[in-house]
Amino acid sequence: MSEHERTFVMVKPDGVQRGLIGDIVSRFEDRGLKMVGGKFMQIDQELAEEHYGEHADKPFFDGLVDFITSGPVFAMVWEGQDATRQVRNMMGETDPAESAPGTIRGDYGLDLGRNVIHGSDHEDEGANEREIELFFDEDELVDWDQIDSSWLYE
Ligand code: DAT
Ligand code: MG
């Protein structure tokens, strides 16, 4: 399993408005993951429709696109062993109401349409790479050595 697996993560507009960026970043730092990209931005209609393309035929699609474009987001790339699956575990379930306390959605959300955070789906092969490419140019990602890496990995 590679220590260099990268995954795409985003604090959604509700998380930004509620001042949760710092807490969410801290959780991933505390876990030992390494941030290799971060961008505070507003998503336009075109990017939203592409990012959520898999849901285009769902009844909630228009509301989802309206929501994700409604205010700034904080897009990130995190790197580490099994990063995609571990981030998903830390996020909880899609529905905050079904998410265990201690997970991000379980601690900060109540409603399915306001679930605070996005992370690439670990069950969708290549979703992490596709989403990273959609949001970041290659030169916006930083290769760097974490001083504690030998204490995080055997
Ligand atoms: P996840 O964000 O956990 O990967 P997903 O990819 O199935 O979940 O759906 C993307 C987003 O769409 C999800 O974060 C919230 C919203 N969503 C999903 N299912 C929904 C539903 N049944 N009603 C309203 N919004 C929904
Ligand atoms: Mg998804």
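All ligand and atom numbering here is 1-based and tracks the order in the structure.
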For [atom], what's the nearest protein heavy-atom neighbour? Residue, atom name and distance, please.
{"atom": "atom 2 (O) of ligand 1", "result": "Arg105 NH2, 3.0 Å"}
{"atom": "atom 1 (P) of ligand 1", "result": "Thr94 OG1, 3.5 Å"}
{"atom": "atom 23 (N) of ligand 1", "result": "Leu112 CD2, 3.4 Å"}
{"atom": "atom 17 (N) of ligand 1", "result": "Phe60 CE1, 3.5 Å"}
{"atom": "atom 6 (O) of ligand 1", "result": "His55 NE2, 2.9 Å"}
{"atom": "atom 14 (O) of ligand 1", "result": "Asn115 ND2, 2.8 Å"}

Exercise. May I ask you to decide if Gly119's main-chain N or O and Arg88's side chain share a donor-acceptor pair within less than 3.5 Å?
Key: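 It does hold such a pair.
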Quiz prompt | Side chain Tyr153, main chain Gln81, donor-acceptor under 3.5 Å | solution = yes
Quiz item: Going by the order shown, which atoms of ligand 1 are within less than 4.0 Å of some heavy atom of Arg88?
Solution: 1 (P), 3 (O), 4 (O)
Quiz item: Where do Glu140 and Phe135 come nearest, in terms of heavy atoms and distance?
Solution: OE1-O, 4.1 Å
Practice problem: Give a yes/no on ligand 1: does Asp121 have at least one heavy atom closer than 4.0 angstrom to it? | Solution: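 No, that is not the case, since the closest heavy atom of the residue is not under 4.0 Å from the ligand.
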Quiz prompt | Residue part near ligand 1, for Lys12, under 4.0 Å between non-hydrogen atoms | solution = side chain
Self-check item: salt_bridge(Arg6, Asp143) N-O dist < 4.0 Å
Solution: yes
Quiz item: Are there more than 12 heavy atoms of other residues, nucleotides or ligands under 6.0 Å from atom CH2 of Trp151?
Solution: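 Not more than 12 within 6.0 Å, no.
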Quiz item: To the nearest 0.5 Å, what is the distance between CG (Leu20) and CZ (Phe74)?
Solution: 13.5 Å
Self-check item: Reported CG-to-CD distance for the pair Leu152 and Glu3, which is rounded to 0.5 angstrom
Solution: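 Leu152 CG to Glu3 CD: 9.0 Å, rounded to 0.5 Å.
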